[in-house]
Amino acid sequence: MHPGDMNHLVPIMPVPLLDLSQQHDALRPQIDDKVLEVMRSGKFILGQYVEEFEQKLASYHNAKHAIGVSSGTDALLLSLMALGIQPGDEVITTPFTFFATAGSIARLGAVPVFIDIDPKTFNLEHQNIEAAITHKTKAIMPVHLFGLPANMGPIMDIAKKHNLKVVEDAAQSIGALYTDKMACTLGDCGCLSFYPSKNLSCMGDAGAIVTNDDDLAAKLRQLRNHGMDGEYKYINIGGNFRIDAIQAAILSIKLDQLDAWTNKRIMHAHRYNRHLEDIAVATPHEYEYRKHVFNQYTIRVHGGARDALLNHLNANGIGARVYYPYPLHTEPCFEYLKYNPGSVPNSEQAATEVLSLPVYPELTRQQQDEVIACIKDFFLSE
Ligand SMILES: Cc1ncc(COP(=O)(O)O)c(C=O)c1O
C-alpha cells in the first residue's frame with residue numbers, strides 16, 4: 001500500500017498553518033488604544049506614526065534608513081525604480097520564490113534572468129551567477145527564502161566585481177543574520193513584507209525598504225510619494241507606495257515582540273528536526289554563520305511521496321502547504337522568456353518535493369506532536 005492510502009489519526013484539534021489570533025489577543029489592549037489614537041489624530045498619511053515606525057525599524061536593523069511602503073511587492077518595485085532599472089535591463093534572480101520577486105522586475109520592462117538554486121538551501125546558487133551576466137545585467141535580486149539568508153558574501157563579491165546593484169528580497173526573513181549583519185543590510189537595500197503570514201505582520205498589506213545609502217533613501221521616499229520634491233513639484237515619475245499610518249502604528253507595537261516570536265519559531269524548528277530525524281524527509285539546512293528565522297519550516301519529501309503526505313496531513317486537519325508548486329519560469333505570464341523545462345533542474349525538483357509545516361510562534365507542544373505523529377504514521381504504516 002502506498003503511504004497515505006489509509007485513514008489514520010483523527011487529531012484532537014486541527015493544527016492550522018498559521019494562527020494569528022493568540023498574538024493579537026495578547027496585544028489587543030495596546031493595539032486597540034493605538035488604533036484609536038491614530039483615528040483621533042487624523043494623521044493617516046505619512047507623518048508621526050509612520051516616522052516612529054521607520055525609526056524603530058531602522059534601529060532594529062542597525063541601519064540608517066527604513067522607508068515604509070504599501071507592500072513587500074511595492075518595496076521590490078520601488079527599489080528597482082530608485083536604482084534606475086530600465087526596460088531591457090536584466091536582473092538575475094531565482095525562479096523558486098513568490099511571484100512578486102520576478103513580477104517586480106518584469107513590471108518595469110526589465111528581464112528576470114532565472115538561475116538555479118542551491119538544492120540544500122533553496123536559495124539562489126551564487127556559482128550560477130557569473131555565467132548569467134551579460135552587458136545588460138544591472139542587478140541581482142537574491143531571496144532569503146523561508147527565512148534563511150542567501151549566501152550573501154559571494155553574491156556581494158560578484159556584484160562588486162561586475163558593478164551590479166543588489167536588492168535583497170527579505171520578505172520572509174526579517175531578523176535573519178548573515179555573519180553578524182542583518183538581512184536587508186548586505187545589499188544596496190533590502191525589502192520587507194508585513195503581509196499577515198510574515199514573521200512581523202500587520203493587519204492588511206504593508207512593506208518596507210531598509211538601506212544605509214542616504215541618496216537611495218531620499219529617492220525612495222520621493223518615489224513612494226509620486227516623485228514629489230516640494231509642493232506639487234514632481235521631479236521623477238513615482239507612485240503612491242505609502243504605508244498606512246494605522247499599519248505603521250500596529251507594526252511599531254508588534255516589532256517589540258519580534259525577537260521573542262522568532263526564538264519560538266527556531267525552537268519549534270529544532271524540535272521538528274529532532275523528531276523527524278529518522279523519517280525519510282530532509283529537514284531544513286542551517287549554518288553557523290546564517291541565522292534562519294523560519295518564516296516557513298520546509299521539509300523535502302523524496303520519492304514522489306510529497307503530494308500523498310500533503311493530502312494525509314490535510315485530511316487529518318493539519319495545515320501543511322506547498323511553497324511553491326511551480327517555479328516561476330514555468331508560469332504562463334513568463335512564457336515569453338522562453339525557458340525550457342529542465343533549464344533550472346534544482347528549482348523544478350524542489351517544487352515537487354517541498355512541504356511547509358506549521359511553525360508559528362504560538363504552536364503548542366501538543367499541536368506540534370500531532371503534526372509529528374501524523375508524519376510518522378504516514379511513513380511507518382507503509
Ligand atoms: C519572497 C517574497 N517576495 C515578495 C513578497 C511580496 O510581499 P507582499 O505580499 O507584502 O506584497 C512575498 C510575500 O508575499 C514573498 O514571500
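Here the structure is a predicted model, which means the values were calculated and not measured. In listed order, ligands and their atoms are each counted from 1.
A salt bridge is absent between Glu370 and Arg365: the closest approach of a Lys/Arg side-chain nitrogen to an acidic carboxylate oxygen does not fall below 4.0 angstrom.
Taking atom 3 (N) of ligand 1 as the reference point, the nearest protein heavy-atom neighbour is Asp169 OD2, 2.7 Å. Scanning the protein heavy atoms around atom 11 (O) of ligand 1, the nearest turns out to be Thr73 OG1, 2.5 Å. The shortest contact between atom 5 (C) of ligand 1 and any protein heavy atom is with Phe98 CD2, 3.6 Å. When only non-hydrogen protein atoms are considered, atom 13 (C) of ligand 1 lies nearest to Lys198 NZ, 2.7 Å.
Each of Asn212, Thr211, Asp214 was compared with Lys64 under the side-chain hydrogen bond (donor to acceptor under 3.5 Å, both in side chains) criterion, and only Asp214 meets it.
Other residues, nucleotides and ligands contribute more than 12 heavy atoms inside 6.0 Å of the CZ atom of Phe334.
In this structure, Asp205 has no heavy atom closer than 4.0 Å to ligand 1.
Proximity annotation for atom 2 (C) of ligand 1: of Ser197, Ala171, Gly207, Ala171 comes nearest, heavy atoms only. Ranked by closest heavy atom to atom 7 (O) of ligand 1, the top entry among Ser193, Gly103, Pro196, Ala102 is Ser193.
No continuous path of ILVMFWY side-chain contacts below 4.5 Å connects Tyr324 to Leu148, so the two sit in separate hydrophobic clusters.
Among the atoms of Gly72, some N or O lies under 3.5 angstrom from an N or O of ligand 1. The N/O atoms of Gln172, backbone and side chain alike, include one that comes under 3.5 Å of an N/O atom in ligand 1.
Listed by first then second residue, pairs satisfying salt bridge (Lys or Arg N to Asp or Glu O under 4.0 Å) with a partner in residues 147-171 read Glu130-Lys161, not counting sequence neighbours.
Side chain of Arg306 to main chain of Val354: a donor-acceptor pair is present (N/O by atom type, distance under 3.5 Å, no hydrogens or angles).
For an aromatic pair to be called close, the ring centres must be under 6.0 Å apart, and His312 with Phe378 satisfies this.
Counting the atoms of ligand 1 from 1 in the order shown, those under 4.0 Å from a heavy atom of Thr97 are 1 (C).
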